[in-house]
Amino acid sequence: MSKNTPKAIRGTQDIFGADAEAFAFVVETFERVRRLYRFRRIEMPVFEKTEVFARSLGETTDVVSKEMYSFEDRGGDSLTLRPEFTAGIARAYLTNGWQQHAPLKAATHGPLFRYERPQKGRYRQFHQIDAEIIGAAEPQADVELLAMADQLLKELGIEGVTLHLNTLGDGTSREAWRAALIDYFSAVKDQLSEDSQERLEKNPLRILDSKDGRDKPFLADAPKIDDFLSDKARAFFKAVTDGLDAAGVKWVRAEALVRGLDYYRHTAFEFIPDEGSAAADALGAQSTVLGGGRYDGLMESLGGPATPAVGWAAGIERLAMLVGERPESELELAIAIEGDSEQLFAAGVRTAMMARSEGITAEVFAAGSPRKRFDKAVKSGAKVIMAYSEDPDGKLESPRTKGDEADLERIGHVLREFALKLSN
RNA sequence: GCGAUCGUAGCUCAGUUGGUUAGAGCGCCGGUUUGUGGUACCGGAGGUCGGGGAUUCGAGCUCCCUCGGUCGCCCCA
C-alpha cells in the first residue's frame, strides 16, 4: 500500500465476504420478523440538530458530553451524527404529526456514530436495528416488543442469550430509589472505587452493576427498586412479566439492570449471553446484544406532549458475531471462454444472461490467459462448468460441460436452449 | 480519558544473542508438464520491515516519540 493512500477512519470498518453476508443476514431476518409483527419501516436522517440528542439523552450523560460527533455546518448550526435512534425517531414523530398513527409501531436500521475507543464489538460507526412502539402506555406493548426481540434472536439461530428484565418504576419511584441509593452509598463513599465515587454524583444507579471488587460488598444490601415502586408501577411490571410468560419468552429478573440514558422509565431490559456460553465468548467484554426499555418521558423533553413509548435497539455487528460466518451465494454455472474471439465472448455472455434470467447464478471467466480460464472456473467452486472453444477454422464448438448429473439436469435447459440458438 | 499488547510482501506468518543483496506458504502473472483439463514443476512481479528520531562500525531485531490495529477499563448496542 502506498503511504499516501488515506487510511480508514479509526473505529470504522470495511466488511467483506462471509462477514458481510452475516451482516446482511441479520438485517434481512430483522426485516422479515418486523413484518410478522406489523412494524412499519421508517427512515430518518443520519444527522440532527445537536439539541435533539442533548435534550433527550441528558446533557450529563457520557454519550452527550464526550461521545458525539458534533460539528457546525456552513450555516452555523450545531449538528450531530446520530449516536442512537430513539431521539431522532421521537423528533420525527413530533415534527411529522405521526401522532395520527398512534400507537405507531416503527422499525429501522442503519449506522450510528459514537466517539469511543474501538474494541471487540464496538466501533465508532456501528449499526443497529431498532424497533419502537410510540403512543402505547399499556404493558402489552412492552410484551409485544420483547416477544419480537426474542423471536428475532431465535430466527437468527442465536442461543445462550437470555432476557434480563427490570423495572425502574415511574418517575417518582425512580427518583425515590435514586435518592435512597445516594444516601446509602454516600455513607460508605470512602470505601467505594474511584469510578463509583464519581458515579455517585453522575449516575448512582450505575454503581449497582460495578465490576470493582471494592464495591461488591455494598451491593447486596443496597436499596431495592421494589421497595420504592408505586402500586401502579408494580402492577405494570407484573403485567409485563405475566405477558412474557404467556408469550413463552424466558426472562430473569435483574435488579441491578439500569439504563444509561435519562429518558427511561418502567421496563428496562437487555438480552445478555449466559455466562460461559459460546455467545459470551464471541462477544468478549460487550455483554449486551439487544437492549431497551420504556421511555415515557422522552417526548416531553423535546417539547412534545406526554407520550408513552417503548423501544429497543440491537447492534448488528454483535448479532453478526453470534450468527457466525455465513457463506456467500454459491456459483451454479461457471462459463469458461477458451479463446479471445468476439464470437466466444458473445457466446459466453449470452449463456450467462440466459442462466441468470432463469434464476441461476452464473459467472463468465474470460480474463487472464485463455489456458487457465478453465482452471479458474474449476476453482470457483461452480456446480456446473461450461467451456466454449473454437475449432482450428474459427468455428464455435458446442460447449463442453462438467458437473454432477443432478446439477447438469437442473441447469440443463439453459444449456440446451443455448445450443438450439447456436445451431440457428 | 486510562491500561495492556501488537505493527515484516495483497493475505497468514518466519526472521536465531543486532552483522553480507529480508524469507516461506497462499494469492497474483507467465511458462512447462499432464491432457479432458481442479495436478506437478519452473520462473516473475510485489517489501524504504507503520512513521520519525536516538544508540552503534552496522538495527527488522535495543531505546524514545508518534500513528495505527487488537483487547480491556470507563461508558454503552
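Each chain gets a letter, A, B and so on, in the order the sequences are listed, and its residues count up from 1.
- Evaluation of atom-type donor-acceptor distances gives no pair under 3.5 Å for the side chain of A/R117 against the base of B/C73.
- A 3.5 Å limit on both hydrogen-bonding distances identifies no Watson-Crick or G-U partner for B/U56.
- Along RNA chain B, the nucleotide nearest A/K120 and the nucleotide nearest A/F374 are compared for position; the residue whose nucleotide lies closer to the 5' end is A/F374.
- A/A314 comes within 4.0 angstrom of no nucleic acid atom, judged by non-hydrogen atoms across all strands.
- B/G51 and B/C11 have their P atoms separated by 15 Å, given to the nearest Å.
- Per the geometry, CD belonging to A/Q119 stands 16 Å off C1' belonging to B/G68, to the nearest Å.
- Remark: the separation of the C1' atoms in B/U34 and B/U70 is 46 Å, to the nearest Å.
- For the P atom pair drawn from B/C57 and B/C41, the interatomic distance equals 48 Å after rounding to whole Å.
- The nucleotide B/A14 finds no pairing partner, because no Watson-Crick or G-U wobble arrangement with both distances shorter than 3.5 Å includes it.
- As judged by a 4.0 angstrom heavy-atom cut-off over every strand, A/R199 is placed among residues touching the sugar-phosphate backbone only.
- As judged by a 4.0 angstrom heavy-atom cut-off over every strand, A/E194 is placed among residues making no nucleic acid contact.
- Counting non-hydrogen atoms under 4.0 angstrom, A/K66 reaches nothing in the nucleic acid.
- Going from atom CZ of A/R114 over to atom P of B/C74 covers 16 Å, rounded to whole Å.
- With 3.5 Å as the limit, one finds a donor-acceptor pair spanning the side chains of A/E155 and A/Q151.
- Atom pair A/E67:CD and B/C74:P shows a separation of 13 Å (rounding to whole Å applied).
- One P atom belongs to B/A24, the other to B/A45, and the distance between them is 12 Å to the nearest Å.
- No donor-acceptor pair closer than 3.5 Å links the side chain of A/S196 to the backbone N or O of A/S193.
- At a threshold of 4.0 angstrom between heavy atoms, the contacts of A/G121 include nucleobase atoms, whether or not backbone atoms are also involved.
- When distances are taken from the side chain of A/Q128 to each of B/A77, B/C73, B/U36, the shortest belongs to B/A77.
- Between A/R373 atom CZ and B/G38 atom C1' there is a gap of 18 Å when expressed in whole angstrom units.
- At the heavy-atom level, A/R122 lies under 4.0 Å from base atoms of the strands shown.
- Following rounding to the nearest Å, A/M321 (CE) and B/C71 (C1') show an atom-to-atom distance of 12 Å.
- The side chain of A/R10 has B/G69 as its nearest neighbour among B/A77, B/G69, B/G72.
- The A/R206 side chain lies nearest to B/C75 when the options are B/C29, B/U70, B/C75.
- Within the 3.5 Å criterion, the main-chain N or O of A/Y37 finds a donor-acceptor partner in the side chain of A/K105.
- In this structure, CD1 of A/I207 is placed 18 Å from P of B/C73, rounded to the nearest angstrom.
- Among the protein residues, A/G11 comes within range of the sugar-phosphate backbone only, with heavy atoms under 4.0 Å from sugar or phosphate atoms but none that close to a base.
- More than 12 non-hydrogen atoms from other residues, nucleotides or ligands lie less than 6.0 angstrom from NZ of A/K224.
- Here the nucleotide nearest the side chain of A/F126, chosen from B/C71, B/C74, B/A77, is B/A77.
- Residue-level contact check: A/E116 touches the bases, meaning some heavy atom is under 4.0 Å from a base atom.
- Comparing B/C67, B/U70, B/A77 against the side chain of A/T288 picks out B/A77 as the nearest.
- As rounded to the nearest Å, B/C61 and B/G19 have P atoms that lie 11 Å from one another.
- Residues A/I9 and A/V289 both approach RNA chain B. Their nearest nucleotides, taken by heavy-atom distance, put A/I9 toward the 5′ side.
- Between the side chains of A/W251 and A/D245, a donor-acceptor pair is found at a separation under 3.5 Å.
- Aromatic pair A/Y115/A/Y69: centroids less than 6.0 angstrom apart.
- A donor-acceptor contact shorter than 3.5 Å is absent between the side chain of A/D209 and the backbone of A/V258.
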